[in-house]
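To start, the structure under review is shown below, and the notes come after it.
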Amino acid sequence: DWSSDVCSSDLGADVEAIQFSIDLPHGSLPAATGGRPGAARQAVANTNSAGFNAAFSGANRAEHLFAYHLRRLGITRMLDVGSNSGQFATKLRHFGFAGVIYSVEPQASAYSRLLAAARDDLLWFPLARQAAGAQRHVTDLHLSENGWSSSLLDVHPNLVRADGKARCIGSERIFVNEASQLLHAGMMPRIEALKIDVQGYEDRVLDGFMPWLENVRLLLLELSAVEC
């Protein structure tokens, strides 16, 4: 029985990634390894990693993986910053996460749909309509045509080239709360999983959440390989 854990530490938070293991019949080693245990471990890890990735392939890979690790780590409370209309939380439920979800969304139209999506889920709590950042203030949210690319930042031309409907069609005034104050102080230390999808504003959210970040065991961010 060989197992491998891939873990990383970032911003003071221990963020656990993929864990996989495989059982082989006693005394058996893959032929390609020449019977060498070290080579066998590497071959098993490579084979099992491919199998793991295949098991979580598909359009909803991020949600599937996140739900898997929530269950594996025994996490019962998560914070979803940038919930839009609740698509991510809905998929977590589909993939078996039964814990508490706190949703944060500032856009008025998306927030209305979020409330509707969470209405019959007793463990899903949309917080008061607000954004999250490094400090409390009031500002403009730039509204996108597609409804899910809205951002506190100006829309980058690269994003519009990738998706024409990401273009800004208006704005609305919103409240930005300090991320560390989204919940009562007694509740914040109990947040062990954090998902942030805020169209380039992730660093401000992390800055604001810093007092509690060491408690986070699972972190999901939306990142881009190019500036957008």
Find the distance between [atom1] ([X]) and [atom2] ([Y]) and round it off to the nearest 0.5 Å.
X    : Y    : atom1 : atom2 : answer
R190 : H184 : CZ    : NE2   : 12.0 Å
S171 : L141 : OG    : CG    : 8.0 Å
D207 : Q135 : CG    : CD    : 10.0 Å
D197 : S149 : CG    : OG    : 9.0 Å
L127 : L79  : CG    : CG    : 7.0 Å

Inset, instruction - Would you please name every residue forming a side-chain contact (heavy atoms from CB on, under 4.5 Å) with L221, sequence neighbours left out? - result: I196, E202, L206, L219, L223
Inset, instruction - Name all residues meeting the side-chain contact (heavy atoms from CB on, under 4.5 Å) criterion together with R136; count only those two or more places apart in sequence or in a different chain, and write none if there are none. - result: F175, N177, E178, Q181
Looking at [Y], is its backbone amide N or carbonyl O close enough to the side chain of [X] to form a donor-acceptor pair, meaning the two atoms are under 3.5 Å apart?
X    : Y    : value
R71  : F95  : yes
W124 : I101 : no
R217 : I75  : no
S112 : A108 : yes
S151 : Q199 : yes
S83  : S103 : no
Q87  : S85  : yes
N215 : I191 : no
S150 : S144 : yes
E105 : Q107 : yes

Is there a side-chain contact between [X] and [Y] (heavy atoms, below 4.5 Å)?
X    : Y    : answer
D140 : E172 : no
E192 : L70  : no
F209 : L194 : yes
L182 : Y102 : no
R204 : L153 : yes

Legend entry - Closest approach of G147 to N84 (non-hydrogen atoms, all atoms of both residues): O-ND2, 2.9 Å
Inset, instruction - Determine the minimum heavy-atom distance between C168 and V155, stating which atoms define it. - result: CB-CG2, 4.2 Å
Legend entry - Fellow cluster residues of L122, listed by chain then number, with links counted only when side-chain atoms sit under 4.5 Å apart: none
Inset, instruction - Give a yes-or-no answer on whether the side chains of R72 and H69 include a donor-acceptor pair shorter than 3.5 Å. - result: yes
Inset, instruction - Taking atom CZ of R119 as the centre, report whether more than 12 heavy atoms of other residues, nucleotides or ligands fall under 6.0 Å from it. - result: no
Inset, instruction - Measure from NZ or CZ of K195 to the centre of the six-membered ring of F66, then state whether that distance is under 6.0 Å and the direction lies within 45° of the axis. - result: no
